[in-house]
Protein chains: 2
Amino acid sequence: MVSFTEENYLKIIYKLCASGDNGATTNAIAQLTQTKPSSVSDMLKKMSDRQLVDYKKYQGVSLTEEGERLALRVIRRHRLWEVFLVEKLSFAWDEVHELAEELEHIESEQLIIRLDEFLGFPQFDPHGDPIPDQHGKITKVKKIKLTHIEEGLQYKIVGMEDTSDAFLQYLTKIGMDLSSKVTLVEKIEFDQSMVLNINGKSTTVSHKFTENVWVSEL
Amino acid sequence: MVSFTEENYLKIIYKLCASGDNGATTNAIAQLTQTKPSSVSDMLKKMSDRQLVDYKKYQGVSLTEEGERLALRVIRRHRLWEVFLVEKLSFAWDEVHELAEELEHIESEQLIIRLDEFLGFPQFDPHGDPIPDQHGKITKVKKIKLTHIEEGLQYKIVGMEDTSDAFLQYLTKIGMDLSSKVTLVEKIEFDQSMVLNINGKSTTVSHKFTENVWVSEL
DNA sequence: ACAATTTTTTAGGTTTGTCTAAATTTTAAT
DNA sequence: ATTAAAATTTAGACAAACCTAAAAAATTGT
Ligand SMILES: [Mn+2]
Ligand SMILES: [Mn+2]
Ligand SMILES: [Mn+2]
Ligand SMILES: [Mn+2]
């Protein structure tokens, strides 16, 4: 049996390891769990004893095979609940994260199998992130950061790096969402900001912004 | 903020007070929470400090107004989730209790409002129990125990006292469910067992059985 | 009324997950 | 190669919710 808290740690460690190539650091985990680094150290020791993570003092941490299996289960549940909330209960995509953060911990294989079926076996969540199947397998999509798009080509938004409410609300404000079509109008060398054409409308966005949006070529 | 555990206590105390007319006892609560009486004593003291219950040592316990408000919120959530699981995810009525026991603690007013709407504002849960509205108001139905039905009249099943899996499975086995139609064929004075006509089929049931089924006259 | 039994509470502990403050290790800067 | 700074871990505590064993209060039977 893996606790609520352990599930949150597993998910966070999974994500930190997936983005960077080396293990997750104590401080990074503390920030995402909203706890102190000392608490994280404690927890990592316990999870290491339980063989959920590979951990050597001062050396960062990564998931064991079992840990990764469990992490992917939580991610699957999180994203399926997000689809449910948006598709069935008509929540906006920027309102569902916190709720899914709780729902993901309901422990029942049957529940998730039936929810998946009820939703029509969705492949992606409302933020464009792939939903692992029952065996933890994820559909990989070829995607690049908005930062690196080229003039003359057409792109489709497929996901966001930052999924904070603030960011998602800003996206809504400038009329960008999943499957929006984008082309590069002009790249400003000075500060790497970009003038984009989003669904026909021209908008200027910062480098920080373009680093947080994933697109794929059409 | 009321914790997961407190919500379970509130619900249990509500139900114990609703059935019997005097307050809930420590032992009864311990049995339903699956804890020891000493743990219940501890918890009651804490909940009393927080003004969720009226509690005097050795005197049993009942809910304050605030406690009752919170209890009804949890009951509402529990029953709405049960409807969701049966109506939308096609679970059987005897499979949903444990799951709803977890889902009921997800904290979000909006979630429940939208779930209620999605389900079409149901009045009763899959076991025939009324669902409190947003303000905690419950639709009362005139109902009697199966034990007290009379010959010559027609009755409809409207709820169960015992909602354990064992009981619900037995009901399924003898072909009785919510809104089944029942008439009394014969009452055996010796042991108070009854021969019933359930949807046209004749079945004999014990006194213990009839004490656990609620019906209303048609 | 009084002893026996049952119910309830108190005392003292445990586990989980967190904290602050202090110590240690690693990394970065001279 | 030292030293300063940053990251991490340890030490010692705490709150929530539970436990067992023992004490106290309430109830029951005679
Ligand atoms: Mn979570
Ligand atoms: Mn998502
Ligand atoms: Mn519950
Ligand atoms: Mn029910």
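Computation of the quantities below employed the complete heavy-atom set of this structure, encompassing side-chain atoms and omitting hydrogens, waters and symmetry-equivalent molecules. Throughout, a chain's letter reflects where its sequence line sits, starting with A, and its residues are numbered from 1.
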Novice: Flag the pair A/R76 and A/D116 as a salt bridge only when some basic side-chain nitrogen lies within less than 4.0 angstrom of an acidic carboxylate oxygen.
Specialist: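 So A/R76 pairs with A/D116 through a salt bridge.
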
Novice: Heavy-atom count around B/K57 NZ within 6.0 Å, excluding the residue itself: above 12?
Specialist: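 Counting neighbours around NZ of B/K57, 12 or fewer heavy atoms of other residues, nucleotides or ligands fall under 6.0 Å, so no.
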
Novice: Start with the C-alpha gap between A/R77 and A/E109, add the side-chain angles, then the distance that decides, and say whether salt bridge (Lys or Arg N to Asp or Glu O under 4.0 Å) holds.
Specialist: CA-CA 10 Å; A/R77 299 194 292 226; A/E109 206 61 47; 5.8 Å; no

Novice: Just by distance, with hydrogens left out, do A/E161 and A/W214 show a side-chain donor and acceptor under 3.5 Å apart?
Specialist: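 Note: A/E161 and A/W214 side chains meet the donor-acceptor criterion.
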
Novice: Determine, for B/R50 against B/E6, whether the closest basic-nitrogen to carboxylate-oxygen distance falls under 4.0 angstrom.
Specialist: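 A salt bridge is present here (some side-chain N lies under 4.0 Å from a carboxylate O).
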
Novice: Once you round it to whole Å, what is the distance between P of C/dT7 and CD of B/Q59?
Specialist: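 Result: 16 Å.
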
Novice: Between the protein and nucleotides 5-7 of chain D, which nitrogen or oxygen pairs come in under 3.5 angstrom?
Specialist:
none

Novice: Rounded to the nearest Å, what distance is computed from the CG atom of residue B/L44 to the P atom of nucleotide D/dA16?
Specialist: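 The distance from CG of B/L44 to P of D/dA16 comes to 16 Å, rounded to the nearest Å.
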
Novice: Find the distance B/N22:CG to C/dT8:P and express it as a whole number of Å.
Specialist: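 Atom-to-atom, B/N22 to C/dT8, this comes out as 12 Å.
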
Novice: For B/K57 and D/dA25, what is the distance between atoms NZ and C1' respectively, to the nearest whole Å?
Specialist: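 Atom-to-atom, B/K57 to D/dA25, this comes out as 10 Å.
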
Novice: Report the distance from atom NE2 of A/H105 to atom C1' of C/dG17, rounded to the nearest whole Å.
Specialist: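 Checked: the NE2 to C1' distance equals 14 Å.
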
Novice: Any side-chain N or O of B/Y55 under 4.0 Å from OP1/OP2 of C/dT8?
Specialist: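 Negative; the distance criterion is not met.
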
Novice: Decide yes or no for A/E82 and A/E87: does some side-chain heavy atom of the first lie under 4.5 Å from some side-chain heavy atom of the second?
Specialist: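 A side-chain contact under 4.5 Å is absent here.
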
Novice: Using a 6.0 Å distance limit plus a 45 degree cone around the ring axis, check whether A/K88 lies over the aromatic ring of A/F118.
Specialist: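 Relative to the ring axis of A/F118, which defines the angle, A/K88 lies inside both limits.
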
Novice: Centroid-to-centroid, A/F84 to B/F84, below 6.0 Å?
Specialist: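 They qualify: ring centres under 6.0 Å apart.
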
Novice: If I take atom NZ in residue B/K45 and atom C1' in nucleotide C/dT8, what distance separates them, rounded to the nearest angstrom?
Specialist: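 For the pair B/K45 NZ and C/dT8 C1', the rounded distance is 11 Å.
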
Novice: Does B/R79 make a cation-pi contact with B/F124 (under 6.0 Å, within 45 degrees of the axis)?
Specialist: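 The answer is no; the distance or angle limit is not met.
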
Novice: Sugar-phosphate means primed atoms, P, OP1 and OP2; the rest is base. With that split, encode nucleotides 17-22 of chain D 5' to 3' as B, S or - using protein heavy atoms under 4.0 Å.
Specialist: BBBBB-

Novice: Take the protein atom CD of B/Q31 and the nucleotide atom P of C/dT7, then report the distance between them rounded to whole Å.
Specialist: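 In whole Å, C/dT7 P lies 11 Å from B/Q31 CD.
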
